[in-house]
*Asks:* 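The structure under discussion is supplied below as structure tokens; questions concerning it will follow.
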Amino acid sequence: MRGDFLNVLKEHGYAWGPVVGDGPPVDPGTIAHGTTVLAMKYRDGVLVAGDRRATAGNLVMHDRTDKVLDLDRHSVLAIAGVPATAFEMARVLDHSFKYYRRSQLQELSLDGKLRALSTLLRNNVPMAVQGIGAVAPIFAGYDLATGSGKIFFYDILGAEFEGVEYAASGSGSPTIRGVMYYLHRWGPQVIAQLDATDATVLVLRLLESAAEFDSATGGIKKGDDLYPVVKLVTSEGIAPVPAEHLQRLYAEHVENRRV
Amino acid sequence: MFEEPYRWTEAVGNRRAYVDAQFAQGSPVVAVSYRGGILLATVQRGIPKLYEIYDRIALAGMGHPADLETLRATALDMAHVEGFSRSPSDVTVMRLVKYALAPVVKRAYEELFRAPLVAKVLLAQVSQQGSQDVFVTLDYDGVFDQSGGRAVLGATPAVADAMLKRLDRAGSMADAPLDVALPAALRAWAVGDLAQREDREPDPPTDDAVEAHLKTICAERGLEVALLDREAAGVSKYRPLKSAEIADVLVPWLGPDAAAR
């Protein structure tokens with residue numbers, strides 16, 4: 001198939017989705033997991049955010065992990081699961097999309113990008129079911145063809161679901177989904193019509209709430225200058241919200257809680 | 001048939017004459033470093049001649065479209081496999097030319113029972129500093145040449161030489177903005193296009209002839225201009241320029257209505 005980077009890699013001896021051989025079982029508690037990520041539509045496109053923590057069992061492996069990865073000019077992958085697999089998946093997709101655009105002289109369609117991600121997840125099933133390579137990503141992008149933001153989320157076996165307004169994945173996601181469901185249904189404003197600032201304040205509050213109930217979700221540590229990764233995906237491309245902006249919004253709208 | 005050495009030499013010579021003749025109708029290419037990155041310019045005859053190869057690398061070509069496609073695909077495959085397996089910063093034009101393109105071109109040229117690749121290419125690589133921009137040209141016989149600052153493709157070495165002289169006459173473009181560098185590049189292109197139509201060692205065309213030629217070309221055919229934009233956000237620096245973005249530059253040849261075209 002023309003423009004398929006995985007085929008080119010295969011010709012050069014690279015295989016995606018290695019099958020684990022016989023041997024003593026691996027304790028999943030020793031493998032790092034990225035935790036909470038979410039995406040939601042807002043007025044100009046899609047906002048994607050993730051906390052910064054990677055855990056292995058009870059251990060905090062790293063508190064400055066970036067789990068919202070740019071795939072191309074208009075799409076990002078937010079990862080929850082085993083970072084080793086997820087980062088490699090993002091690298092394959094990043095090069096696959098670039099290779100397609102450069103060799104076929106046109107952007108890969110949004111459907112084509114989703115298909116590519118599903119294929120990687122499907123080929124990763126042996127790792128996922130053995131408990132050492134499971135990834136449940138969120139794919140968020142701006143569809144130039146329809147002029148709107150799109151959100152898709154996946155289970156670890158590769159099943160694809162479209163998030164109409166929002167999606168969350170990882171250990172802190174139940175809290176976020178609960179709050180989002182409430183806001184979406186009965187909240188004072190339609191979430192998809194929030195502006196960038198209000199949407200950013202909302203995700204800071206959501207991640208703070210998730211950290212309150214889930215020890216694996218890294219909260220915001222003002223003293224350590226540690227804030228979530230927040231990216232805005234619009235028709236103009238991907239814009240990370242700068243840390244100083246997050247700092248200001250946190251001080252003005254998140255810290256000043258009622259109780 | 002080729003068992004005697006002089007027959008083989010003669011056959012290679014014939015092949016050179018055959019291939020040279022194929023390029024005379026092609027459109028030259030000019031690439032030059034300017035303040036904002038690298039500018040590549042040519043005149044299109046239906047099929048694009050400027051391509052993105054990798055994050056900081058562009059390819060421009062002259063010759064048969066199918067042969068050009070073979071070289072483009074070879075460069076794309078090596079660049080992406082290397083960039084994925086090692087790191088994007090390890091993908092350089094010199095490695096692409098030395099280890100991927102030149103051997104393929106040379107082998108095709110010397111295998112006398114098969115058709116040669118009728119294509120010559122120019123690869124440009126933008127860097128943080130203009131002084132570190134790299135240009136490599138690869139001829140149809142596998143000979144390649146590296147230069148800094150600027151490079152051109154013309155039908156013959158004499159044509160390329162005339163284009164370079166014209167480009168150098170305009171002065172260093174290292175600190176020039178796009179609206180200075182692009183006219184200089186287009187004038188060098190016109191020198192090449194006029195020179196390679198002559199069936200003799202080209203005398204440089206006069207300035208009047210160059211301006212008149214550009215007037216005709218700009219009115220009748222499509223310019224193809226692309227940048228490797230040093231300051232572009234993100235990893236991919238290649239960007240084709242739209243007609244509206246170069247309209248102001250074309251005013252000397254199309255008149256004040258150029259922007260409205």
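All heavy atoms count here, side chains included; hydrogens, waters and symmetry mates do not. Just so it is clear: chains get the letters A, B, ... in the order the sequence lines come, proteins before strands, and each one is counted from 1.
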*Asks:* Tell me whether the count of non-hydrogen atoms from other residues, nucleotides or ligands lying under 6.0 Å of CD in B/Q25 goes above 12.
*Replies:* no
*Asks:* Hey, is OH on B/Y99 packed in by over 12 heavy atoms from elsewhere, all under 6.0 Å?
*Replies:*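 At most 12 heavy atoms, drawn from other residues, nucleotides or ligands, come within 6.0 Å of this atom.
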*Asks:* What option among A/R91, A/H95, A/E11 has the most heavy-atom pairs under 4.5 Å with chain B?
*Replies:* A/H95
*Asks:* Should the heavy atoms of other residues, nucleotides or ligands under 6.0 Å from CG of B/D179 be counted, would the total exceed 12?
*Replies:* yes
*Asks:* Measure A/F5 against the heavy atoms of chain B and call it side chain, backbone, both or neither at under 4.5 Å.
*Replies:* side chain
*Asks:* Determine the minimum heavy-atom distance between B/I53 and A/R102, stating which atoms define it.
*Replies:*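 Looking at all heavy atoms of both residues, the shortest contact is O-CD, 3.6 Å.
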*Asks:* Just wondering, more than 12 heavy atoms not from A/Q104 lying within 6.0 Å of its CD?
*Replies:*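 Buried by this count: over 12 neighbours within 6.0 Å.
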*Asks:* Apply the test side-chain contact (heavy atoms from CB on, under 4.5 Å) to residues B/E52 and A/K98: give CA-CA distance (whole Å), side-chain angles for both, the deciding distance (0.1 Å), then the verdict.
*Replies:* CA-CA 10 Å; B/E52 178 181 21; A/K98 285 197 291 194; over 6 Å; no
*Asks:* So for A/I238, is it side chain, backbone, both, or neither that comes closer than 4.5 Å to the heavy atoms of chain B?
*Replies:*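 A/I238 has no heavy atom closer than 4.5 Å to chain B.
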*Asks:* Please lay out, stage by stage, how B/R72 and A/S103 fare under the test side-chain hydrogen bond (donor to acceptor under 3.5 Å, both in side chains).
*Replies:* CA-CA 8 Å; B/R72 188 175 80 91; A/S103 63; over 6 Å; no
*Asks:* Any side-chain to backbone donor/acceptor pair from A/R73 onto B/G234? Under 3.5 Å, distance only.
*Replies:*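 A pair under 3.5 Å: no.
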*Asks:* Who among A/L9, A/D94, A/D72 has the most heavy-atom pairs with chain B under 4.5 Å?
*Replies:*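 Going by pairs under 4.5 Å, I would pick A/L9.
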*Asks:* What part of A/H12 is in contact with chain B, defined as an atom under 4.5 angstrom from a non-hydrogen atom: side chain, backbone, both or neither?
*Replies:*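 Just its side chain gets close to chain B.
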*Asks:* Above 12 or not: heavy atoms from other molecules or residues under 6.0 Å from NZ of A/K231?
*Replies:* yes
*Asks:* How would you list, in number order, the residues of residues 75-96 of chain B that have a heavy atom less than 4.5 Å from chain A?
*Replies:* B/L76, B/D77, B/H80, B/V81, B/G83, B/F84
*Asks:* Side chain, backbone, both or neither: which part of B/Y54 has a heavy atom under 4.5 Å from chain A?
*Replies:* both
